[in-house]
Trainee: 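Quick one: this structure, given as structure tokens, is what I'll be asking you about.
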Amino acid sequence: MLDIVFYSESWVPFNGRTINDAPLGGSETAIVRVSEGLAARGHCVSVYSRCGARDDSGSVRYRDISEFESDNVD
């Protein structure tokens, strides 16, 4: 099992539920779909985007990009 992180500075706010509620661009859609696929294979996947708030409702953890440094400091 791997710990995988995606980081998106896209101006489009998104999390795993956005794809069902609003149109997304290609890169945002790819991050959501690839993240879901990797999580389904047992990997621990986190996505940092302009999501605004934490979202742990699915198998992928979504965090706002403002939390990236504090979450990933050794």
Side-chain angles (χ1 to χ4, degrees):
M1 179 172 76
L2 298 173
D3 289 329
I4 300 168
V5 175
F6 289 97
Y7 182 92
S8 172
E9 289 186 341
S10 169
W11 288 103
V12 177
F14 71 94
N15 62 30
R17 291 182 276 169
T18 308
I19 202 163
N20 298 318
D21 300 333
L24 289 177
S27 60
E28 296 86 8
T29 300
I31 289 172
V32 171
R33 295 294 188 217
V34 169
S35 297
E36 290 172 348
L38 290 167
R41 287 168 177 75
H43 301 294
C44 180
V45 183
S46 299
V47 175
Y48 289 85
S49 68
R50 296 186 195 281
C51 62
R54 290 176 172 233
D55 180 11
D56 291 329
S57 61
S59 56
V60 178
R61 293 175 13 148
Y62 285 87
R63 301 287 185 263
D64 193 78
I65 59 174
S66 63
E67 298 182 50
F68 181 76
E69 284 192 31
S70 62
D71 284 357
N72 294 289
V73 173
D74 291 320

Trainee: Please report, to 0.1 Å, the donor-acceptor pairs under 3.5 Å made by any side chain of residues 30-45, with sequence neighbours excluded.
Mentor:
from : atom 1 : to  : atom 2 : distance (Å)
R33  : NH1    : E36 : OE1    : 3.3
S35  : OG     : I31 : O      : 2.6
R41  : NH1    : G37 : O      : 2.9
H43  : ND1    : L2  : N      : 3.0

Trainee: What do the steps show when you test E67 against R54 for side chain to side chain contact (heavy atoms under 4.5 Å, CB included), and what is the final call?
Mentor: CA-CA 10 Å; E67 298 182 50; R54 290 176 172 233; 2.7 Å; yes

Trainee: Please tell me if the side chains of N15 and R63 come closer than 4.5 Å, counting only heavy atoms from C-beta onward.
Mentor: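 Of all side-chain heavy-atom pairs linking R63 with N15, none is under 4.5 Å.
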
Trainee: If a pair satisfies side chain to side chain donor-acceptor pair (under 3.5 Å) and one of its residues is in residues 19-29, list it, with sequence neighbours excluded.
Mentor: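 Qualifying pairs, neighbours excluded: S10-E28.
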
Trainee: Who are the side-chain hydrogen bond (donor to acceptor under 3.5 Å, both in side chains) partners of S8, not counting sequence neighbours?
Mentor: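 For S8, no residue satisfies side-chain hydrogen bond (donor to acceptor under 3.5 Å, both in side chains) once neighbours in sequence are set aside.
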
Trainee: If you group Ile, Leu, Val, Met, Phe, Trp and Tyr by side-chain heavy-atom gaps below 4.5 Å, do I65 and Y62 land in one group?
Mentor: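 No; tracing contacts between hydrophobic side chains, which count when under 4.5 Å, never links both residues.
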
Trainee: Would you kindly confirm whether V5 and V60 end up in one hydrophobic cluster when ILVMFWY residues are joined by side chain heavy atoms under 4.5 Å apart?
Mentor: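 As far as the 4.5 Å side-chain criterion goes, V60 and V5 are not connected within one cluster.
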
Trainee: Just do the side chain to side chain contact (heavy atoms under 4.5 Å, CB included) check on L24 and T18 with the steps written out, would you?
Mentor: CA-CA 8 Å; L24 289 177; T18 308; 3.7 Å; yes

Trainee: Can you pull the salt bridge (Lys or Arg N to Asp or Glu O under 4.0 Å) pairs that have at least one residue in residues 3-17, sequence neighbours excluded?
Mentor: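 Passing the test, one end in residues 3-17: R17-D55.
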
Trainee: Is the shortest heavy-atom distance from the side chain of Y48 to the side chain of D64 under 4.5 Å?
Mentor: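 With C-beta onward as the side chain, the pair stays apart.
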
Trainee: Is there any ring pair (Phe, Tyr, Trp, His ring centres under 6.0 Å) pair reaching into residues 1-27, and which pairs are they, with sequence neighbours excluded?
Mentor: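 Listed by first then second residue: Y7-F68.
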
Trainee: State which residues pass side-chain hydrogen bond (donor to acceptor under 3.5 Å, both in side chains) with R50; sequence neighbours excluded, sorted by chain then number.
Mentor: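 With sequence neighbours excluded, R50 shows a side-chain hydrogen bond (donor to acceptor under 3.5 Å, both in side chains) to no residue whatsoever.
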
